[in-house]
Amino acid sequence: MPAPRIKSPHLLVAESGADREGHGLKRTMGLFQLICFGVGAIVGTGIFVGLSDSVAQAGPAVVISFVLAAITCVFTAFSFAELGGAIPVSGSSYSFAYAGLGESTAFLVGWCLLLEYGISISAVAVGWSQYVNELLHSLVGWQLPTALSAGPGDGGVVNLPAVLVIAMASVLLVRGVRESAGATAAMAAVKLVILIAFCAIGYSAFKHGNLTPFSPAGLGGIGAGTTAAFFSYIGFDAITTAGEEAKNPRRDIPVAIMVCMGIVTLLYCAVALAAIGAIGGKQVAGRPAALSYVVNEVTGSAVGGGVIAFGAVVAIASVVLAVMYGQTRILMSMARDGLIPRVFEKVSPKTSTPVAGTLIVAVVFAVPAAFASLDAVMNLCTIGTLAIMAVVNVAVMTLRRREPGLTRSFRVPLYPVGPLLGIAFCLYLMYETGWQTWMQFALFLAVGFLVYVAYGRRHSTLARDMAAEADRAGVTADGAARESQGV
């Protein structure tokens, strides 16, 4: 078996220009913008829409599910922080896998990132549509007809609001990262204010009796709730995709990841307790636009629910924006390495953004948002994301051994226990997704490997450079041999 093609961290940084100006990109994001970007990428559909699904599995014990999901993410977040500070490039976990485990594994990680970010964009856009209707109902007493606000699988024809939010995000991303970062910061502030206001309203009606029975489905329910709650944390890794557009990535990326995880975990637990304590777990479970419903029930007025719906519309739009940003930067890194078509690598000299790649991403993921029911593939998205996180933890340990002298602005605490625990938690949650999801995931990986063999391996920039270097070495050796023989 041939040795894996591994790209050194130093080469990744040199090719991207990450210690100077990025690969046609501009360094405009400071620590505050990175934190806002992280909050923008994480807080959205998972809490505004997905809370009801998590409560349906775990009941009031959903708080434990959120904490367990956070612990899973925190151990991996440590690994992302170490690698994000050591290899500050746009490729995120794809580039980390390339440096730690080789090209074929990196391609499959990139393949899984397409699944993670693609389904996230489409699913979040569908959740945005639900809250747009809730907001319209609160403001004018009218909603979009089902035919225009849901796909065929949900009783409609086309989900126009979902397409609209993806289109708006793509326009903003094309204009420039400074504009996108400013919009994300503003939307992050709005969503935090709205969720804090929700907590104030929910705790004003808090009844301890609503928390009993605390765990109606036992440990199994908590485990299932943890798997559902995990989707709420997807997005923290997107911070590392800003490695070439952050002003001081080696310092700011690790700090931003840790701050975001702390803020989000506290916020999720507080919101879940407020919602269940106010009206009970059975009332929250399985209810669309659950937070608006809670406020309407507590206040006896649709006005408060309308405010929450407005916050959800802003919050979910910011997730679409942040996740689309991350997707385009990862595709740009893969194209730079020759593993996917070069069109995704091209950066506009006018806006310093990958315009063509952004528009392609918008069109591709607007289609499932408009027409598909994504519930069937949500577990597939979760298992793919968990697999990526496990790989990142492995990459940390591999690079500690292979590159001991690599500059690391942050180091995983309790090494190697931290990465090993991260892998263990990821494998546990992957197990909880069920055998059908494992079968789907195996098929998905098999298709990805075939794509790599058919295109990526043949067009690899690293393979071309290695072949050229071998040819030069051969010519040099041949010349030396001739000289020694007096030819």
Side-chain angles (χ1 to χ4, degrees), residues 36 39-55 62 66 123-144 149-150 159-162 164-165 168-169 172 182-207 210 232 235 263-264 266-281 283-322:
C36 290
V39 172
I42 302 170
V43 180
T45 308
I47 193 67
F48 283 98
V49 179
L51 174 64
S52 58
D53 295 330
S54 300
V55 173
V62 70
F66 274 123
V124 167
V126 171
W128 190 78
S129 180
Q130 294 177 14
Y131 269 102
V132 164
N133 258 344
E134 183 71 20
L135 180 60
L136 288 173
H137 179 71
S138 299
L139 292 177
V140 297
W142 174 82
Q143 292 181 319
L144 288 169
S149 59
N159 197 326
L160 287 182
L164 177 63
V165 70
M168 290 189 300
L172 196 55
T184 302
M187 289 188 284
V190 169
K191 75 171 77 176
L192 290 178
V193 169
I194 293 293
L195 288 175
I196 291 171
F198 170 83
C199 289
I201 294 170
Y203 286 121
S204 70
F206 191 91
K207 296 184 178 69
N210 287 332
S232 305
I263 291 173
V264 169
L266 290 174
L267 193 62
Y268 282 175
C269 291
V271 169
L273 274 176
I276 296 170
I279 64 172
Q283 294 295 315
V284 176
R287 186 176 295 277
L291 300 192
S292 289
Y293 177 80
V294 170
V295 172
N296 288 342
E297 289 293 299
V298 171
T299 63
S301 168
V303 175
V307 173
I308 298 297
F310 170 75
V313 167
V314 172
I316 297 172
S318 73
V319 176
V320 174
L321 179 65

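Since we're looking at a predicted model, the values are computed, not measured.
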| query | Got more than 12 heavy atoms from elsewhere within 6.0 Å of OH, Tyr293? | reply | yes
| said: Can you give me the closest heavy-atom contact between Gly277 and Asn210, atom names plus distance? | reply: O-ND2, 2.7 Å
| Heavy-atom closest contact (Val319 atom, Val43 atom, distance) | CG2-O, 3.3 Å
| How many angstroms lie between atom CD1 of Ile263 and atom CD1 of Ile42, to the nearest 0.5 angstrom? | 9.0 Å
| Are Leu172 and Leu321 close enough that some pair of their side-chain heavy atoms sits under 4.5 Å apart? | yes
| field | Residues which pass side-chain contact (heavy atoms from CB on, under 4.5 Å) with Tyr203, listed by chain and number, not counting sequence neighbours | value | Cys199, Phe206, Ala270, Leu273, Ala274
| task | First locate atom CG of Leu51, then atom CD1 of Ile276, and finally report the distance between them rounded to the nearest 0.5 Å. | result | 6.5 Å
| request: Applying side chain to side chain donor-acceptor pair (under 3.5 Å), name anything that partners Asn133, two or more places apart in sequence or on another chain. | output: Ser149
| query | Ala188 and Cys36: which non-hydrogen atoms are nearest, and at how many Å? | reply | CB-O, 3.9 Å
| request: State which residues pass side-chain contact (heavy atoms from CB on, under 4.5 Å) with Val165; sequence neighbours excluded, sorted by chain then number. | output: Ala125, Trp128, Met168, Ala317, Val320
| Those residues that, when tested against Ser318, pass side chain to side chain donor-acceptor pair (under 3.5 Å) (two or more places apart) | Lys191
| query | For Tyr268, what residues pass the ring pair (Phe, Tyr, Trp, His ring centres under 6.0 Å) criterion, not counting sequence neighbours? | reply | Phe66, Tyr233
| task | Taking all non-hydrogen atoms of both residues into account, name the closest pair between Gly311 and Ile194 and its distance. | result | CA-CG1, 3.6 Å
| Atom CG in Asn296, atom CG in Leu291: separation rounded to 0.5 Å? | 11.0 Å
| task | Quickly, which of Leu135, Val190, Ile308 forms a side-chain contact (heavy atoms from CB on, under 4.5 Å) with Val313? Name it, please. | result | Leu135
| said: Could you work out, with side-chain contact (heavy atoms from CB on, under 4.5 Å) as the rule, every residue matching Ser204, not counting sequence neighbours? | reply: Val298
